[in-house]
Amino acid sequence: MDQRRQRQRGRRGRGRRQSKRRRVRNLLIKIIVFVILTVGIITALLLWRKYGPSKEQADLNQYYGITSEGQLAVIVNNEVLEPGAMISEGKAYVEYSIVRDYINERFYWDPNENVLLYALPNDIISVEVGSKDYSISKEKDSKDYVILKAEGSTAYIALDFVKQYTNMDFELYDEPSRVMIDTETGDVDVAVVKKDTVVRYQGGVKSPVLTEVKKKDEVRVIDEAGSWRKIRTVDGFIGYVKKSALKKDTKKTIEREFSEPEFTSIKKDYRINMAWFNVVAQESNSVMLEMLAKTKGLTTISPTWFNVADTSGNINSIASADNVNYAHQAGIEVWAAVRDFDGGINSFEESYELLSKTSNRETMINQLIAAALQCGIDGINVDFEKISTECGEHYIQFIRELSVKCKMNNLVLSVDNYVPQAYNQQYHREEQALFADYVVIMGYDEHYGGSPEAGSVSSYGFVREGIEQTLKDVPAEKIISAVPFFTRVWKETPKTSEELSQQAGTEDAEYPMKVESTAYSMDEARYVVEQAGAEITWDDETKQNYASWEFEGSTYKVWLEDASSLEPKLQLINEFGLGGSAAWRMGQESEGIWDLILQYAN
């Protein structure tokens with residue numbers, strides 16, 4: 001009995017110990033599970049915070065660059081610009097610089113004389129600050145709003161007026177105040193939103209939210225960045241959405257009911273064969289007839305009869321009505337040249353002062369037209385070579401205004417240009433192609449007087465490249481390719497150690513030779529080579545005859561211009577179907593050159 005009780009008590013003791021151990025074990029399990037869950041939750045929160053999508057809203061004023069009340073943000077196509085706009089009396093006004101650079105470059109603002117101009121093919125529109133009126137030639141018209149406002153030297157143009165002459169749409173939006181301007185036409189990439197989603201400032205879920213787009217909204221697709229797409233919303237937000245939120249890109253054709261202005265030109269029914277006749281004084285006109293008699297196939301002569309006398313726009317003229325009559329009797333047209341050098345002005349600064357004021361340009365144009373009509377001249381050839389980058393917009397406005405006046409008086413307008421390079425884009429060849437009748441490429445001065453190294457004045461590759469680059473902006477039938485009748489004899493002398501030391505760290509240090517050159521006519525250059533007893537060899541790279549010799553410690557080099565060098569350049573006229581050729585200048589050619597030119601004249 002006692003033993004049985006002892007056994008029962010033992011079993012109860014073991015049971016209690018086992019139960020206690022189970023409770024401890026269960027408690028430990030619960031603690032471990034709790035710890036795991038807690039760590040998991042904390043980890044998930046941390047991961048969510050690090051990798052989960054942010055709901056942070058972007059500062060839209062900062063996004064659009066708005067810093068003060070009254071500013072109007074500007075979006076043009078797929079770019080957010082500085083907020084250079086405002087609302088006045090319910091109308092949107094945009095800074096002139098934005099209109100010029102992003103919307104329609106043909107608008108021109110003169111802050112000196114407070115006038116806005118716009119060039120049509122045959123007219124110039126003029127608007128004064130604060131006016132509802134505008135003039136086209138001598139006619140007046142009006143709007144029910146002020147067209148042009150100004151704050152200091154900054155002009156603001158009513159977008160409604162800009163739209164009248166521009167293939168564009170625009171829409172105003174609030175919160176924040178902004179204007180969405182679209183000038184694109186043709187096919188663009190669009191996509192439809194598959195589900196409601198946010199548009200972020202940059203590609204990434206942590207980037208701040210700009211706005212939301214709804215299912216079935218259409219967005220403009222700008223670019224792709226991995227799993228993100230850069231898009232533009234209808235109301236002018238440019239940001240990123242997940243690629244998975246959009247349906248496949250499609251093409252959409254943008255068309256508007258807008259009549260583009262029709263530009264017409266005076267086009268001759270023959271290929272132009274022009275040569276410049278350099279006239280430095282009235283007496284020089286006397287030899288023009290003699291020079292004309294030596295030519296063959298010449299259709300046009302361009303005497304340098306006009307130069308700019310001062311920055312107010314007055315011109316000096318040595319035009320000769322008698323010479324015009326003589327040329328006409330020989331069946332040759334006269335396109336008199338006007339230059340911004342070798343006269344009263346001769347610097348970039350003076351050309352800028354001349355062209356940056358509307359009244360100066362008007363004075364010059366009126367005097368040119370009057371002189372041309374008085375002498376019976378057939379056209380005007382513009383040779384302005386002192387145009388800085390800053391002067392570019394004023395220069396092309398001069399060409400537009402001159403073009404209108406030339407058309408009114410049936411005068412051919414031709415414009416001389418350097419071979420296109422990165423540093424001379426300010427000449428606006430594409431705009432010249434619309435307003436000028438002919439665009440001339442001066443295919444020479446590849447290596448010029450003052451060049452730091454010797455080289456060809458007009459290599460074949462240089463001329464060809466000039467034509468190919470110009471063709472990107474100008475129709476072939478409007479292009480005249482000009483070749484030189486001159487070349488340069490180069491003299492290279494090693495720099496002294498003192499000279500090299502003085503030039504250390506400068507661009508001149510790149511050139512170990514001191515270089516000088518003298519320009520010669522075709523016959524003069526060949527005579528210099530013959531006197532030196534140098535051997536002439538053919539340089540197939542430049543496609544010119546080349547000679548080199550030593551004399552008194554210096555090396556002389558010359559790339560000759562002659563029939564052999566001119567023919568490959570003239571062949572390019574046929575190859576590219578150009579409007580003609582020109583040559584600088586009459587009197588420098590050798591005998592027989594006109595026989596060669598005649599082969600390519602028509």
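- Taken from OG in S317 to CD1 in I377, the straight-line distance is 6.5 Å, to the nearest 0.5 Å.
- Between R106 and E431, at least one side-chain N (NZ, or NE/NH1/NH2) sits under 4.0 Å from a carboxylate O, which counts as a salt bridge.
- Around CD of Q374, the count of heavy atoms belonging to other residues, nucleotides or ligands within 6.0 Å does not exceed 12.
- Atom OH of Y270 has more than 12 heavy atoms from other residues, nucleotides or ligands within 6.0 Å.
- The cationic atom of K478 (NZ for Lys, CZ for Arg) does not lie both less than 6.0 Å from the six-membered ring centre of Y438 and within 45° of the ring axis.
- Using modelled atom types, no side-chain atom of D539 and backbone atom of K543 make a donor-acceptor pair closer than 3.5 Å.
- Within 6.0 Å of OH in Y326 there are 12 or fewer heavy atoms belonging to other residues, nucleotides or ligands.
- Side-chain atoms of T295 do not come within 3.5 Å of backbone N or O of L298 as any donor-acceptor pair.
- Proximity of M168 to F258: side-chain heavy atoms (C-beta onward) are nowhere separated by under 4.5 Å.
- A distance of 10.5 Å separates CG in D445 from OG in S456, rounded to the nearest 0.5 Å.
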Under the criterion side-chain contact (heavy atoms from CB on, under 4.5 Å), I'd like the reasoning laid out for I103 against V162: C-alpha separation, chi angles, the key distance, then a yes or no.
CA-CA 9 Å; I103 303 173; V162 175; 3.9 Å; yes
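- Under the 30°/60° scheme for interplanar angles, the aromatic rings of F384 and Y395 are found to be tilted.
- Across all their heavy atoms, P452 and V515 have their closest contact at O-CG2, 3.4 Å.
- For the pair L570 and L596, the minimum side-chain heavy-atom distance is below 4.5 Å.
- Note on residues 262-279: pairs passing salt bridge (Lys or Arg N to Asp or Glu O under 4.0 Å), not counting sequence neighbours, are K268-E333.
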Could you go step by step and tell me if R526 and D562 meet the salt bridge (Lys or Arg N to Asp or Glu O under 4.0 Å) rule?
CA-CA 9 Å; R526 187 167 286 271; D562 51 27; 2.9 Å; yes
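- No more than 12 heavy-atom neighbours from other residues, nucleotides or ligands sit within 6.0 angstrom of CD on E507.
- Contact between G379 and L411 at its shortest, heavy atoms only, is N-CD2, 4.2 Å.
- Across A563 and I593, no two heavy atoms sit closer than the pair N-CD1, 3.7 Å.
- Aromatic rings from F435 and F263 are positioned such that their centres are separated by under 6.0 Å.
- Under 4.0 Å is where a charged nitrogen must lie from a carboxylate oxygen, and between E113 and K357 no such pair does.
- Ring pair W490/H447 is perpendicular by interplanar angle, where above 60° counts as perpendicular and below 30° as parallel.
- The only member of S459, S451, S458 that meets side-chain hydrogen bond (donor to acceptor under 3.5 Å, both in side chains) when paired with E446 is S459.
- Classified by interplanar angle (parallel below 30°, tilted 30° to 60°, perpendicular above 60°), the ring pair Y165/Y118 is tilted.
- With 3.5 Å as the limit, one finds a donor-acceptor pair spanning the side chains of D540 and W538.
- For the pair T487/M522, no side-chain contact is recorded, criterion being any heavy-atom separation below 4.5 Å from C-beta on.
- Of the N and O atoms on the side chains of W305 and N285, at least one donor lies less than 3.5 Å from an acceptor on the other residue.
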Could you walk me through whether K386 and E350 pass the salt bridge (Lys or Arg N to Asp or Glu O under 4.0 Å) test, one step at a time?
CA-CA 8 Å; K386 303 292 183 181; E350 287 171 316; over 6 Å; no
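- By the 6.0 Å contact criterion, CD on Q425 is enclosed, its count of non-hydrogen atoms from other residues, nucleotides or ligands being greater than 12.
- Within a 6.0 Å radius of NZ in K514, no more than 12 heavy atoms belonging to other residues, nucleotides or ligands are found.
- Residues Y418 and E385 form a side-chain contact, since some pair of their non-hydrogen atoms from C-beta on lies under 4.5 Å apart.
- Listed for the S302 side chain is a donor-acceptor partner under 3.5 Å among the backbone atoms of W335.
- Between the side chain of S517 and the main chain of R488, no donor-acceptor pair closer than 3.5 Å is present.
- Residue pairs meeting the salt bridge (Lys or Arg N to Asp or Glu O under 4.0 Å) criterion with at least one member in residues 569-579, sequence neighbours excluded, are R464-E575, E561-K569.
- Ion pairing between D595 and K296 holds under the 4.0 Å rule for side-chain N and carboxylate O.
- Taking every heavy atom of both residues into account, T493 and G553 meet most closely at CG2-O, 4.5 Å.
- Of all heavy-atom pairs spanning L413 and C406, the tightest one is CB-SG, 4.2 Å.
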List the steps and the verdict of side-chain contact (heavy atoms from CB on, under 4.5 Å) for I266 and K407.
CA-CA 8 Å; I266 299 174; K407 284 186 175 69; 5.8 Å; no
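- Closest heavy-atom contact between D378 and H328: OD2-NE2, 2.7 Å.
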Step-by-step side-chain contact (heavy atoms from CB on, under 4.5 Å) determination, T358 to Y108
CA-CA 10 Å; T358 299; Y108 175 85; 4.1 Å; yes
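- Remark: the R429 side chain and the N424 side chain contain an N/O donor-acceptor pair separated by less than 3.5 Å.
- Residues passing the side chain to side chain donor-acceptor pair (under 3.5 Å) test with E492, sequence neighbours excluded: K557.
- Checked by atom type, the side-chain pair D416/N381 shows a donor-acceptor distance below 3.5 Å.
- When the shell of 6.0 Å around CD of E82 is examined, it contains 12 or fewer heavy atoms from other residues, nucleotides or ligands.
- If you take OG1 on T470 and CD on Q432, they are separated by 9.5 Å, rounding to the nearest 0.5 Å.
- Contact annotation: the side chain of N122 never approaches that of V404 to less than 4.5 Å [non-hydrogen atoms, C-beta and beyond].
- M586 is listed as a side-chain neighbour of I301, based on a closest heavy-atom distance under 4.5 Å.
- No hydrogens or angles considered: a donor-acceptor pair under 3.5 Å links the side chains of T183 and N77.
- Judged by distance alone, the side chains of Q503 and E499 never bring a donor and an acceptor atom under 3.5 Å apart.
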Would you sort out whether L117 and I125 count as a side-chain contact (heavy atoms from CB on, under 4.5 Å), showing the intermediate values?
CA-CA 5 Å; L117 303 173; I125 296 172; over 6 Å; no
For salt bridge (Lys or Arg N to Asp or Glu O under 4.0 Å), just list the numbers for R100 and E393, CA-CA rounded to whole Å, side-chain angles, deciding distance to a tenth of an Å, and then say yes or no.
CA-CA 9 Å; R100 177 196 62 199; E393 65 173 306; 3.0 Å; yes
